[in-house]
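Given the structure is predicted, the values throughout are model-derived calculations rather than measurements. In what follows, chains are A, B, ... by sequence order, proteins preceding strands, each numbered from 1.
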Amino acid sequence: MPFDEMLTAENLPRAPYQGYFNWHAEQKTSDLIKKSRDAENIFRKTGITFAVYGKEDASERLIPFDIVPRIISGREWRRLAQGIEQRVVALNAFLDDIYHKQEIIKAGRIPRALIEKNAAFLPQMIGMRPPGGVYTHIIGTDIVRTGEDQFYVLEDNARTPSGVSYMLENRETMMQMFPELFHLNKVRPVENYPKLLRQSLGALAPPGCQGKPRVAVLTPGIFNSAFYEHAYLADQMGVELVEGSDLQVINGKVAMRTTRGYEPIDVLYRRVDDDFLDPLSFRPDSTLGVPGIMDVYRTGNITIANAPGTGIADDKAIYSYMPEIVRFYTGSKPMLQNVPTHRCSEPETLAYVLDNLAELVVKEVHGSGGYGMLVGPAASKRERAEFAAKLKSRPGNYIAQPTLSLSTVPILVKKGIAPRHVDLRPFVLVSDKVQIIPGGLTRVALKEGSLVVNSSQGGGTKDTWVLED
Amino acid sequence: MLGRTANGLFWMFRYIERAENTARLIDAGLRMSLTRMHGEDDDWESVLRSAGVFDLYLQRRDEVTSGEAIEFLLRDSSNTSSVVSAIEAARNNGRMVRTALTREAWEAVNECFLDLKGQLNRRVSGADLPALIDTIKQRTAVIRGAFHGTMLRNELFNFSRLGTFVERADNTSRILDVKYYVLLPAVSYVGSSLDNVQWESILRSVSAHRSYTWVYDDDFKPMHIADFLILNGRMPRSLAFCYDKINSNLSYLEREYATRHAAHDTAAATLGMLREREIQQIMDLGLHQFLQDFIAQNNQVAAEIAQAYRFYRD
């Protein structure tokens with residue numbers, strides 16, 4: 001039996017769910033189902049949609065929202081937050097080291113080839129230190145739980161984590177629909193995230209910046225799957241939402257084309273991948289970026305968040321070294337565990353993975369969004385055979401992990417409630433300090449028994465409460 | 001604000017105006033085909049011409065029939081003036097400038113899109129057409145209402161209004177130009193029932209058949225119709241009205257930015273001309289030529305606005 005976060009084996013509520021449980025017991029399921037439909041209408045009306053690539057007819061979809069909140073006690077949260085902070089500090093120290101002295105390689109803790117042959121490693125960043133020494137400003141650490149005190153980090157998402165707009169809209173929707181629940185429970189607020197984000201970005205403006213730092217959000221445009229979030233964040237922060245075609249390098253600064261002429265920008269929160277950021281430095285065919293922005297960056301006239309080249313820190317091949325990385329830079333034992341990871345690039349490991357495919361989760365090293373992965377226990381024999389062929393032809397492209405028995409939280413179903421597997425993505429802001437927003441995005445696999453929570457694979461979301469206690 | 005944002009607002013409102021206009025033209029076409037005994041297809045040809053899509057239609061279809069013309073005007077995505085294309089383009093522009101819109105204004109555009117996309121994803125039967133046209137008019141009215149009720153009267157508002165009136169002036173002048181010959185005094189069947197239908201259809205395609213009677217208090221007369229749609233400053237779809245609005249919105253921008261551009265001079269000259277001209281003069285000099293000149297000048301104003309406020313990258 002997987003660990004259920006709301007109910008014990010005796011069907012009694014665990015402590016953080018006590019208040020909610022009592023309230024829920026007094027509600028009629030049909031009323032809740034109606035509320036649930038209302039919530040969906042709010043999302044549809046607002047246009048909170050995401051695009052699913054490669055599906056013409058369903059190019060815009062809603063992420064299903066489940067109205068049963070996921071609740072974390074203050075004590076559990078404090079432990080998690082400390083572990084996340086430790087990890088985030090280590091990630092930034094690692095990035096600084098990798099692009100400078102590379103002491104971790106010299107110390108023999110990480111193979112040189114793993115860094116230097118990695119596509120996410122940007123030679124253009126060697127010797128480059130961003131303002132405040134911060135490389136990854138915004139992080140979304142994916143966490144899964146398997147028991148009362150067992151938390152694992154699944155992924156570090158240090159380049160461009162998405163989903164924070166769902167955290168905010170989910171809370172907004174819950175407060176609109178069930179105000180009474182927020183009287184009954186002391187839920188820590190998340191709604192100041194945009195304000196914190198703006199402050200955090202401003203705090204790391206280039207040293208030469210005078211007056212209030214001018215911040216902009218760079219989006220690939222309306223056809224990007226996370227466009228809604230880009231617009232939402234720009235709107236909430238009160239800054240411009242720009243596309244590459246709005247920007248130009250003028251007099252050594254990045255400037256945006258306004259109705260009054262070009263105006264310089266100090267901090268760019270970019271939601272465009274490294275490859276597309278600057279056609280002069282990276283992919284020459286990119287029209288999403290800004291020609292010459294890397295030169296401006298190197299002369300210290302703009303802050304780019306997250307810094308180019310941060311992808312090397314959340315690469316799935318690096319992931320297995322994270323406990324080592326945390327120890328190396330913080331000098332202490334990792335507070336949060338890594339999921340044991342098999343590197344298929346090693347021949348004996350590959351043989352083991354092929355033999356145990358039915359029990360393992362295999363992921364592409366550079367993949368994301370649940371694309372290109374195999375969940376062994378859920379896959380058919382044929383799917384496993386097909387995947388085995390791919391593994392054999394490019395073993396270095398894959399890692400494998402045991403199938404964790406993810407914790408469950410109930411969702412609303414026709415007959416009442418039923419447990420479904422969840423994960424958690426808290427959001428972290430790094431400037432001169434590390435701030436972890438008490439809450440995050442809980443993703444939930446809506447299909448009974450399914451372990452895949454990705455929205456592109458039919459997952460939904462929940463409001464996530466951290467209680468004051 | 002970004003030049004691209006100004007551009008997005010300008011075009012979002014042009015497309016909303018266009019969707020509504022196309023719906024109104026279909027309405028007028030339907031009305032004509034109900035009141036005519038024969039020659040119905042000529043009417044649909046003139047509707048297609050008024051919408052500025054007749055040449056495109058001939059590339060896509062072999063012959064003009066009411067069914068195909070309606071289909072082309074409502075649902076054909078290769079026709080950028082079809083209701084479905086215009087609403088989608090308006091919504092895409094709205095999405096792009098989402099940060100510049102109030103929640104109410106954005107939701108009105110989004111819901112208009114979701115509703116019409118749903119209704120227009122299959123062929124619309126004749127019986128359902130009137131209700132659909134009403135829905136289009138209502139949905140666009142809700143957008144206008146949400147926009148007027150909630151948007152700050154700042155530069156964002158001005159660029160949106162400029163889009164609305166540039167498009168509307170273009171629409172009205174094209175409708176008149178396609179039908180200008182039925183307004184000429186030399187036409188042989190003056191006063192016949194045929195003319196009455198034609199004249200009424202002109203007014204109907206700008207939703208002015210009722211207000212005409214309030215203003216002129218007599219039967220449809222070509223001279224009055226032309227006067228109403230070109231020079232009457234109280235008629236919200238007339239060229240004079242549109243240019244009054246274009247000028248006042250440009251004046252706000254001139255004050256706000258403390259800069260005057262070529263667009264200001266062209267728009268002011270256009271308005272000055274519309275105020276001084278008498279309808280008799282226009283008819284004497286040639287209605288068709290007048291409208292052709294006006295359409296060109298209106299396009300010039302739009303291009304000068306885009307240039308002045310950096311809608312596009314140089």
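Looking only at side-chain heavy atoms (C-beta outward), A:Arg44 and B:Leu114 come within less than 4.5 Å of each other. Within the 4.5 Å cutoff, side-chain heavy atoms of A:Phe223 are placed close to those of B:Asn92. Using a 4.5 Å cut-off on side-chain heavy atoms (C-beta onward), A:Glu243 and B:Met96 make contact. Considering only heavy atoms from C-beta on, B:Leu2 comes within 4.5 Å of A:Met256 through its side chain. For the pair B:Tyr309/A:Thr258, no side-chain contact is recorded, criterion being any heavy-atom separation below 4.5 Å from C-beta on. The closest side-chain heavy-atom distance from B:Arg310 to A:Thr259 is not below 4.5 Å.
Interface residue B:Glu111: only side-chain heavy atoms are found under 4.5 Å from chain A. Heavy-atom distances place both the backbone and the side chain of B:Glu256 under 4.5 Å from chain A. At a 4.5 Å heavy-atom cutoff, A:Tyr232 makes no contact with chain B through either its backbone or its side chain. Using a 4.5 Å cut-off between heavy atoms, B:Arg95 touches chain A through backbone and side chain atoms alike.
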- Query: Run the side chain to side chain contact (heavy atoms under 4.5 Å, CB included) check on B:Arg103 and A:Thr46 step by step: do they pass?
  - Reply: CA-CA 8 Å; B:Arg103 189 163 183 141; A:Thr46 323; 3.2 Å; yes

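Heavy-atom proximity under 4.5 angstrom to chain B picks out nothing from residues 278-289 of chain A.
Ranked by non-hydrogen atom pairs under 4.5 Å with chain B, the options A:Glu263, A:Gln248, A:His230 are led by A:Gln248.
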